[in-house]
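Scroll down for the structure; my scribbles are underneath it.
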Amino acid sequence: MVFHSCIMIFYDHYGSEARVNLKQWLILMTGSLLVILSWTRDYFNFLTIHNPDTPIWSLYSTEALFEGPQQYVPESFKWFLYAVGVFGLLYALVSYYLKNKKEYRTKG
């Protein structure tokens, strides 16, 4: 995402009308959510198994959410979910770069 921002700043600096289209935004958001979900899924499963009577999180009581890290040891990681998210992010980055590279060359 930082690299994507640097590419956007580069094209903007040199006067290119570099815009992220709707498809790229959706792929970026979905990829980001999948990466975050892959990292947090095991922890939320841990909370639901060890605290079945309490909700995972609510606006009024966050104790169950922060008590778990004291005894939590990761058991599994969803590599496939993570890989799909990273692939989506890379696809959006490369498609944005290639689209704007063509426009940059025609203007420059």
Side-chain angles (χ1 to χ4, degrees):
M1 295 299 288
V2 172
F3 188 64
H4 191 270
S5 299
C6 291
I7 291 173
M8 290 177 73
I9 291 169
F10 171 80
Y11 285 127
D12 187 56
H13 178 71
Y14 287 103
S16 178
E17 290 288 327
R19 300 280 183 232
V20 180
N21 62 29
L22 180 63
K23 178 184 172 184
Q24 290 167 341
W25 274 120
L26 292 174
I27 293 171
L28 284 170
M29 289 187 292
T30 303
S32 299
L33 289 174
L34 287 175
V35 168
I36 292 169
L37 182 64
S38 71
W39 284 96
T40 58
R41 187 175 185 273
D42 187 51
Y43 176 66
F44 283 116
N45 285 340
F46 172 82
L47 286 179
T48 56
I49 290 170
H50 290 84
N51 299 321
D53 299 330
T54 57
I56 292 177
W57 187 78
S58 70
L59 291 174
Y60 304 106
S61 174
T62 59
E63 293 175 356
L65 185 63
F66 297 112
E67 286 177 3
Q70 298 168 359
Q71 49 191 316
Y72 172 68
V73 176
E75 296 176 6
S76 66
F77 184 74
K78 298 295 180 186
W79 284 103
F80 179 74
L81 195 62
Y82 178 76
V84 170
V86 169
F87 177 75
L89 291 171
L90 291 175
Y91 175 79
L93 172 72
V94 170
S95 68
Y96 176 81
Y97 173 74
L98 293 176
K99 177 183 146 252
N100 289 300
K101 181 180 174 183
K102 289 177 191 175
E103 292 176 14
Y104 176 70
R105 285 188 180 184
T106 58
K107 287 185 178 184

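Position 1 is the first residue of the sequence; numbering continues from there.
- Linking ILVMFWY side-chain heavy atoms closer than 4.5 Å, directly or via other members, places Ile36 and Val84 in two distinct hydrophobic clusters.
- A distance of 10.5 Å separates CG in Leu33 from CG in Leu81, rounded to the nearest 0.5 Å.
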Show me, pair by pair, the donor-acceptor contacts under 3.5 angstrom made by side chains of residues 24-31, not counting sequence neighbours?
| from | atom 1 | to | atom 2 | distance (Å) |
| --- | --- | --- | --- | --- |
| Gln24 | OE1 | Asn21 | N | 3.2 |
| Gln24 | NE2 | Ser95 | OG | 3.3 |
| Trp25 | NE1 | Val20 | O | 3.4 |
| Thr30 | OG1 | Leu26 | O | 2.8 |

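- Phe80 and Trp39 are members of different hydrophobic clusters when ILVMFWY side chains are connected at heavy-atom separations under 4.5 Å.
- Shortest non-hydrogen contact noted between Leu89 and Ser32 is CD2-OG, 3.6 Å.
- Heavy-atom neighbours of Tyr91 OH from other residues, nucleotides or ligands within 6.0 Å: at or below the threshold of 12.
- In this structure, the side chain to side chain contact (heavy atoms under 4.5 Å, CB included) partners of Tyr97, at least two apart in sequence or on a different chain, are Ile7, Tyr11, Lys101.
- Gly85 and Leu34 get closest at one heavy-atom pair: CA-CB, 3.8 Å.
- For the pair Tyr82/Val35, a side-chain contact is recorded, criterion being any heavy-atom separation below 4.5 Å from C-beta on.
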